[in-house]
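Order of appearance sets the numbers: ligands from 1, and atoms from 1 within every ligand. As the structure is a computational prediction, the values presented were derived from the model and not from experiment.
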Amino acid sequence: MEHHYDDNCIFCKIIKGDIPSYTVYEDDNVKAFLDISQGTPGHTLVIPKTHVPDLFAYDEELAQTVFAKIPEIARAVKAFDPKITGMNLLNNNGTVAYQSVFHSHFHLVPRYTDQDDFRMIFKDNSANYDAAKLTAIADQIKAQF
Ligand code: 5GP
Ligand code: ZN
């Protein structure tokens, strides 16, 4: 895998060791470290060790390299505390989608109870869609490949 860095990127600085981080896993291509916000205890970020702004910029090789490590890292984070009963895997792309650091990253958010400090809201809009509408959307997306 090719590695290149963006001098102005905070996660590239973390990769190079210019900014300290609490690393939980590292190999030649992937790094996992504690998210400074600790949304819930153990909140971890998984990043490629090359500057990629977001998911849209991944090629298959990079995806294989990064995604392949996520389950193993998720298991290790889960295992650190027996009170962790679930985990959200989150990847924000674009400001509108709450991305604030433009070096692609995957959040592992350990879940303890439904009253812990993580929330996610999906509105159920299914009543507004019929088969024709869903088919039209699916066909438009299919045409983009
Ligand atoms: P995003 O909002 O882009 O999906 O997530 C960016 C995350 O990076 C945030 O959860 C934020 O807490 C975390 N973060 C920002 N700066 C730093 C930093 O310097 N060190 C660490 N460990 N995390 C950071
Ligand atoms: Zn970067």
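- Ranking protein heavy atoms by distance to atom 24 (C) of ligand 1, first place goes to Ile36 CG2, 3.5 Å.
- For atom 19 (O) of ligand 1, the closest non-hydrogen atom of the protein is Ile10 CD1, 3.5 Å.
- The closest approach of His103 to the Zn ion (ligand 2), by N/O/S atoms, is made by ND1.
- Not a single heavy atom of Ile19 sits less than 4.0 Å from an atom of ligand 1.
- Close approach of ligand 1 to Gln99 (heavy-atom distance below 4.0 Å) involves ligand atoms 3 (O).
- In Tyr22, neither the side chain nor the backbone holds a heavy atom less than 4.0 Å from any atom of ligand 1.
- Here His51 contributes ND1 and Cys12 contributes SG, and at the Zn ion (ligand 2) these two atoms make an angle of 110°, given to 10°.
- In terms of protein heavy atoms, atom 3 (O) of ligand 1 is closest to Ser100 N, 2.6 Å.
- Few gaps surround CZ on Phe67; more than 12 heavy atoms of other groups in view lie less than 6.0 Å from it.
- Residues Asp7 and Tyr5 bring no donor and acceptor atom of their side chains to less than 3.5 Å of each other.
- The single protein non-hydrogen atom nearest to atom 1 (P) of ligand 1 is His105 NE2, 3.1 Å, given as residue, atom name and distance.
- Val101 CG2, 4.0 Å is the protein heavy atom nearest to atom 15 (C) of ligand 1.
- Distances from atom 20 (N) of ligand 1 to the heavy atoms of Leu90, Asp35, Asn93, Ile14 put Ile14 nearest.
- The residue Phe102 has no part lying near ligand 1, judged by heavy-atom distances below 4.0 Å.
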